[in-house]
Amino acid sequence: MNTINALKIFNESYDDQYGINEIDLEIIHEIIPIIENTRDNSKPQVGDIVQFTNRSGEYHAYAHIESVTNDSVYICEKPYVPFVEAVQNGEKIKTSTSGGAWFYIPQEIRFVGMAKKAFKAWGHNGPCANGAIQFDAEVSVWEYTIGEHKYTTKTHDKFVVYNSEDDKDTEYNYLVSKGPHRHTAFKTKEEYERWLKTFNGIETAGYDSRNTIVWTYKQKYTSIPLEDYLSLENSVIDSELWNGKHYECKRVVESLTITTYMPYMNERIEVEKN
């Protein structure tokens, strides 16, 4: 980001409202060297990245280090872009971010390498609505895992399956959630077990007696033109339920990822399902 035009690419909304100028460029040219010159590959620093796996096996590739003490590091596993400012006469940086969850982890963690990371700083208008400029700086990357895991979301998808057979208010006996969001649902055990088989699902103990945790291969979905779909090779033909109808799909397995391909909506091939 050596020019105003380069900075504008990252800050279109700010530029539309305030107009990026030389002062904004000076601000980031002052703070970026401080960030990059305070890195230390023998010890985590404020602003570094942690590739973090929590005790539930959930992997976060860009956890943020907010503070460092003599024996611990305070991190946010899913941060927003952090604000940054220089402190101690430019010898250190201070960051402020929101997000969650937050953890204290040991300071002795494994160094992985270096990577670009996004930061924010107040622009020439000072603290105000939409008044921050965003830029990249190179920081150290570390790795830490709480506990031992056979499966994690780095390599697999994680679902919580709720058995609702005793719930008279729904016709669906298996409700599947991914994180805070509902993913899918099945009326019968046969449908649920077919989903498990399709995505190499493994059932493990749930959070309580009412649910089960399921780990599957990574699942990706993509729509492509019908011509490309018909010529797709090395795939397995299957069907996918979409808005109450079953449509033909093709699934491609690569390592631990299963990609489901379907034609665009107006070209999809409806199939009969017994």
Side-chain angles (χ1 to χ4, degrees), residues 1-41 43-52 54 58-107 109 111-144 179-181:
M1 295 184 186
N2 294 321
T3 67
I4 289 177
N5 286 335
L7 191 57
K8 285 182 176 182
I9 295 173
F10 280 77
N11 298 275
E12 291 183 2
S13 176
Y14 175 93
D15 186 45
D16 287 343
Q17 189 166 354
Y18 301 110
I20 289 179
N21 60 28
E22 291 290 343
I23 297 176
D24 297 313
L25 200 60
E26 290 174 8
I27 289 170
I28 69 161
H29 281 178
E30 180 179 335
I31 190 65
I32 288 176
I34 296 173
I35 296 171
E36 297 185 341
N37 292 337
T38 53
R39 301 306 98 188
D40 182 347
N41 61 15
K43 180 181 178 182
Q45 302 294 318
V46 172
D48 280 349
I49 295 169
V50 180
Q51 297 174 351
F52 174 65
N54 63 28
E58 293 157 358
Y59 173 76
H60 302 275
Y62 299 98
H64 164 73
I65 295 182
E66 182 81 345
S67 63
V68 178
T69 66
N70 289 332
D71 57 2
S72 66
V73 175
Y74 191 43
I75 67 169
C76 178
E77 65 181 12
K78 293 179 69 174
Y80 289 88
V81 176
F83 278 85
V84 61
E85 61 178 309
V87 295
Q88 298 182 20
N89 295 319
E91 295 182 1
K92 297 282 186 180
I93 63 166
K94 175 183 178 182
T95 63
S96 176
T97 191
S98 54
W102 294 83
F103 296 86
Y104 284 100
I105 63 173
Q107 194 180 108
I109 55 180
F111 176 72
V112 175
M114 307 294 292
K116 292 287 187 180
K117 176 176 175 174
F119 292 92
K120 286 184 176 181
W122 292 117
H124 68 264
N125 224 37
C128 59
N130 197 34
I133 47 176
Q134 184 169 314
F135 57 92
D136 286 346
E138 190 172 62
V139 299
S140 300
V141 183
W142 307 83
E143 183 181 57
Y144 183 72
H181 306 293

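The analysis underlying the following values was restricted to heavy atoms, covering all of them including side chains, and did not include hydrogens, waters or symmetry mates.
Once rounded to the nearest 0.5 Å, the distance linking CG of N11 with CD1 of I4 reads 12.0 Å. Taking CD1 from I32 and CZ from F119, the interatomic distance works out to 9.5 Å, rounded to the nearest 0.5 Å. Note that NZ of K78 is 6.5 Å distant from NE2 of H60, once rounded to the nearest 0.5 Å. Within the model, atoms OG of S140 and CG of N41 stand 6.5 Å from one another, a figure rounded to the nearest 0.5 Å. Atom CG of D48 sits about 6.5 Å away from atom CH2 of W142, to the nearest 0.5 Å.
Nearest heavy atoms, P82 versus A118: CD-O, 3.6 Å. Shortest non-hydrogen contact noted between K117 and I49 is CD-CG1, 3.7 Å. Between P106 and V73, the shortest heavy-atom contact is O-CG2, 4.1 Å. Of all heavy-atom pairs spanning V68 and P44, the tightest one is CG2-O, 3.8 Å. Shortest non-hydrogen contact noted between F52 and A63 is CB-CB, 3.9 Å. Here the shortest heavy-atom pairing between E138 and R39 reads O-CG, 3.9 Å.
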Show your working on side chain to side chain contact (heavy atoms under 4.5 Å, CB included) between D71 and Q107 and close with a plain yes or no.
CA-CA 5 Å; D71 57 2; Q107 194 180 108; 5.7 Å; no
Report the C-alpha distance between Q45 and I65 in whole Å, list the side-chain angles of each, state the deciding distance to 0.1 Å, and finish with yes or no for side chain to side chain contact (heavy atoms under 4.5 Å, CB included).
CA-CA 7 Å; Q45 302 294 318; I65 295 182; over 6 Å; no
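Judged as a side chain to side chain donor-acceptor pair (under 3.5 Å), the pairs with a partner in residues 22-31 (not counting sequence neighbours) are, in order, Y14-D24, D24-H124.
Looking at residues two or more places apart in sequence or on another chain, you find a side-chain hydrogen bond (donor to acceptor under 3.5 Å, both in side chains) between S72 and T69. Evaluation of the side chain to side chain contact (heavy atoms under 4.5 Å, CB included) rule for A61 yields Y59 as partners, not counting sequence neighbours. D15 is linked by a side chain to side chain contact (heavy atoms under 4.5 Å, CB included) to K8, I20, counting only residues two or more places apart in sequence or in another chain.
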Tabulate below the donor-acceptor pairs under 3.5 Å that side-chain atoms of residues 85-99 make, not counting sequence neighbours, or state none.
| from | atom 1 | to | atom 2 | distance (Å) |
| --- | --- | --- | --- | --- |
| T95 | OG1 | H64 | NE2 | 3.1 |
| T95 | OG1 | E66 | OE1 | 2.9 |
| T97 | OG1 | Y80 | O | 2.8 |

Would you be so kind as to tabulate the donor-acceptor pairs closer than 3.5 Å made by side chains of residues 125-136, with sequence neighbours excluded?
| from | atom 1 | to | atom 2 | distance (Å) |
| --- | --- | --- | --- | --- |
| N130 | ND2 | S13 | OG | 3.0 |
| N130 | ND2 | Q17 | OE1 | 2.9 |

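For Y62, the OH atom sits in a loose shell: 12 or fewer heavy atoms of surrounding residues, nucleotides or ligands are nearer than 6.0 Å.
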